[in-house]
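A quick write-up on the structure given underneath.
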Amino acid sequence: MRGIYGSLIALGSSFFYLAGLSQDSLAALSQDSLRNNPLTIAEACRLALGNSTQLKIAGTNTLLAKQVTQVQRLGRLPEISTSFDYGYLSNADVWDPGFSHHEKAGLPHPLALFTVTATETIFAGSRVKNAIRLAELGEQIAFLQQEKNETDIKFLVIAHYLDIYRLLNQRNVYINNTHLAKQRLKNILSLRKQGMVTLNDQLRTELTISDYELSTRKIANGVVELNNQLNMVLGLPDSARLQPDTTLLQQSPVQKTLNEFIDDAWRENHELKITAREKELAETRIKLLKGERLPEIGLFAQSDLQRPFLNALPSIDVYYNVWRAGVGIRYDISSIYRSPRKIKAGVIGLDLARQQDSLQRQHVGVDVKNAFIKYNEGLDELDTYRRDLRSAEENYRSVERRYFNQLALLTDLIDATNTKTEAEIKLVNSEIGVVYNYYQLLRTIGTL
C-alpha cells in the first residue's frame, strides 16, 4: 500500500486557529484564543464531546447500567428485615364441634408483635451469578455504545474541519486566478489602445473576472455556514472563526496493508464488540433460564417478640419471645412446564445474536475493504491531478504567450484558463479527499 498519513491517527496533528472567544464554557481558553493560539483538533473534539447532548444521554445510560450491576451484586448479601405491629385484639368467639353451643372467651386486648428476620440464599441454580453477569454485559454494551457515539462526534468535527479547509483552498484558487485575470486585463487594455485587440477581448476578460469574484463570494459564504455548524457542535459563539492548519497535508506517511487493517477492525470495531457482547448476553440469559428449574436453598433465622401469649387458655397478657432458625427449600413447580418454552425462546435469541454477529463481521470486512479501495483511489487521483495541473499550467503559459504575440485567439486563452482553474480545483479537492478517506477508514476500523 502507498503512504498513508500516519500522524493523522493522532487527532492533535492538525489544528484550528480560534480568535475572539469569551463564553464561560471556554474561560480557560479565552485568553489564548484572543492571542490566536492554536486550538488542536483533539481540543476541538474534546469540546464537541463535552457539548454533545447525545453523548450526555449515552453517558447517563452508562451510569444507569453501572448502577444496575451494583444492585444485582447486592443479591449475594443476606436479606434482613424487621416489622412491628401494635393494635387491639378482640375477644374470641368459641363454638363446639357441632356449632350448637357458642360462648365468648376473654382475651387481653393490647396487641404487640415485633419481628426480626434474616435469610441468605446458598443455592439458586447460579441465578444470582448469572443475573450479575447479565448486568455486567449490559454495562459493557452501554459503554461500547458510548464509545461509538464519541467516534461519530469526532468524525463529524473532522468532516467539518476538512470541509472548511477544502473551501478555503478553493477560494485561494479563485483569488489567484482573479489576480491573473486582472493582470491579463491590464495587458489587453494596453493592446486595445494600440488597436491590436477588440472590445470583445476586453469584455470577455471582464466577464471572467466577474465570475471568479462571484465564486469567491459564494465560497466565503459557504465557509461561514460551515463555521456556524462547527461552532454549534463545539459549543462556541457564532463569531468564532476557525482556520485549518496549512501543514495538514504534509504529514509523514505510514505503510499498512489491507490485511493489517482488517485485523485491526476485528479487534477494534465498535459494532463487532457490541454484537459479541450481545451474543454472550444471550448465552448468559439461557443459563439464567435453566437455573429456574432448580430449587432454591437458603438459611433463615427469625425472632418474634409478642404480646399476649395466645397458646394457652385462657390467654396470658405477657410479652414472650421465640426464635427459630434452619434451612429452607423452595421449588417453583410451574417451572416444569414454563422453563422449557422460555429456554427454547432463549436458544432462538442466541441463534439470532450469532447470525447478527456473523452478518456484522461480513459488513465490517466489506466496509474496510471499500474504505481501503477508496483511499487508494484517492491517492491515485491525487497523483493524476498533480500531473494534470502541471500540464494545464504549462499549456496556459504557452497559450498566453501566443495570445499576446497575436498567434492565438482569446477563446484559446479562455479555454486554457478554465482548464487550469479546473485542474487546480480538482487538485485541492483531491488533497482533502485523501485525508477524509483516511479518517473514514479509521472510523470504519474503530481506531479514530
Strictly below 4.0 Å, N to O, side chains only: are Lys273 and Glu268 in salt-bridge contact?
yes

Go through the steps for Arg277 and Glu280 under the test salt bridge (Lys or Arg N to Asp or Glu O under 4.0 Å), then give the verdict.
CA-CA 5 Å; Arg277 296 300 185 280; Glu280 188 176 353; 5.1 Å; no

Please report the C-alpha distance between Arg443 and Asp152 in whole Å, then the side-chain angles of each, then the deciding distance to 0.1 Å, and finally whether the salt bridge (Lys or Arg N to Asp or Glu O under 4.0 Å) criterion is met.
CA-CA 8 Å; Arg443 181 194 186 192; Asp152 292 340; 3.0 Å; yes

side-chain contact (heavy atoms from CB on, under 4.5 Å) evaluation trace for Thr198 with Arg192:
CA-CA 6 Å; Thr198 64; Arg192 187 164 178 268; over 6 Å; no

Where at least one partner belongs to residues 347-358, residue pairs that pass salt bridge (charged side-chain N to carboxylate O under 4.0 Å, His left out), sequence neighbours excluded
Lys279-Asp357, Glu283-Arg354

Under the salt bridge (Lys or Arg N to Asp or Glu O under 4.0 Å) criterion, do Glu431 and Lys426 qualify, and how do the steps go?
CA-CA 9 Å; Glu431 289 174 336; Lys426 286 182 178 180; over 6 Å; no

For Thr411, enumerate each residue passing the side chain to side chain contact (heavy atoms under 4.5 Å, CB included) test, keeping only those at least two apart in sequence or located in another chain.
Arg204, Leu409

I'd like a table of donor-acceptor pairs (distance under 3.5 Å, sequence neighbours excluded) in which one partner is a side-chain atom from residues 339-350, with atom names and distances.
{"residue": "Ser339", "atom": "OG", "partner": "Ser335", "partner atom": "O", "Å": "3.1"}

Cut-off 3.5 Å, no hydrogens considered: what does the side-chain donor-acceptor table look like for residues 61-79, sequence neighbours left out?
{"residue": "Thr62", "atom": "OG1", "partner": "Ala58", "partner atom": "O", "Å": "3.0"}
{"residue": "Thr62", "atom": "OG1", "partner": "Ala142", "partner atom": "O", "Å": "3.4"}
{"residue": "Thr62", "atom": "OG1", "partner": "Gln146", "partner atom": "OE1", "Å": "2.9"}
{"residue": "Thr69", "atom": "OG1", "partner": "Ala65", "partner atom": "O", "Å": "3.1"}
{"residue": "Thr69", "atom": "OG1", "partner": "Ala135", "partner atom": "O", "Å": "3.1"}
{"residue": "Thr69", "atom": "OG1", "partner": "Glu139", "partner atom": "OE1", "Å": "3.0"}
{"residue": "Arg73", "atom": "NH2", "partner": "Glu136", "partner atom": "OE2", "Å": "2.9"}

Indicate whether any N or O donor in one side chain lies under 3.5 Å from an N or O acceptor in the other, for Ser334 and Asp332.
yes

CD1 of Ile333: more than 12 outside heavy atoms within 6.0 angstrom?
no

Locate the shortest heavy-atom distance separating Ile432 from Leu162; write the atom from each residue and the value.
CG2-O, 3.5 Å

Is there a side-chain contact (heavy atoms from CB on, under 4.5 Å) between Ile445 and Asn269? Walk through the geometry before answering.
CA-CA 5 Å; Ile445 294 170; Asn269 183 267; over 6 Å; no

Between Ile188 and Tyr403, does a side-chain contact (heavy atoms from CB on, under 4.5 Å) hold up when you go through it step by step?
CA-CA 10 Å; Ile188 289 175; Tyr403 172 76; 3.9 Å; yes

Any luck finding a side-chain donor-acceptor pair between Gln202 and Glu206 under 3.5 Å?
yes

Using 30° and 60° as the class limits, which term best fits the ring planes of Tyr86 and Phe84: parallel, tilted or perpendicular?
parallel

Shortest non-hydrogen pair, Ala159 vs Tyr436, comes out as CB-CE1, 4.0 Å

Pick from Glu400, Glu393, Glu394: which one makes a side chain to side chain donor-acceptor pair (under 3.5 Å) with Tyr396?
Glu400

Rounded to the nearest 0.5 Å, how far apart are OH of Tyr375 and NZ of Lys256?
12.0 Å

Ionic contact status for Arg402 with Asp412, cut-off 4.0 Å:
no

Evaluate the criterion side-chain contact (heavy atoms from CB on, under 4.5 Å) for residue pair Glu381 and Val434; output intermediate values, then yes/no.
CA-CA 9 Å; Glu381 286 183 352; Val434 168; over 6 Å; no

Quick one: does any side-chain atom of Asp388 pair with a main-chain N or O of Ala423 as donor and acceptor, under 3.5 Å?
no

Residue list, salt bridge (Lys or Arg N to Asp or Glu O under 4.0 Å) with Glu260, at least two apart or on another chain:
none

What donor-acceptor contacts under 3.5 angstrom involve side-chain atoms of residues 170-181, with partners at least two apart or in another chain?
{"residue": "Gln170", "atom": "NE2", "partner": "Asn429", "partner atom": "OD1", "Å": "2.7"}
{"residue": "Asn172", "atom": "ND2", "partner": "Leu168", "partner atom": "O", "Å": "3.3"}
{"residue": "Asn176", "atom": "ND2", "partner": "Asn172", "partner atom": "O", "Å": "3.1"}
{"residue": "Asn177", "atom": "OD1", "partner": "Lys420", "partner atom": "NZ", "Å": "2.9"}
{"residue": "Asn177", "atom": "OD1", "partner": "Thr421", "partner atom": "OG1", "Å": "3.2"}
{"residue": "Asn177", "atom": "ND2", "partner": "Val173", "partner atom": "O", "Å": "2.7"}
{"residue": "Asn177", "atom": "ND2", "partner": "Glu424", "partner atom": "OE1", "Å": "2.7"}
{"residue": "Thr178", "atom": "OG1", "partner": "Tyr174", "partner atom": "O", "Å": "2.6"}

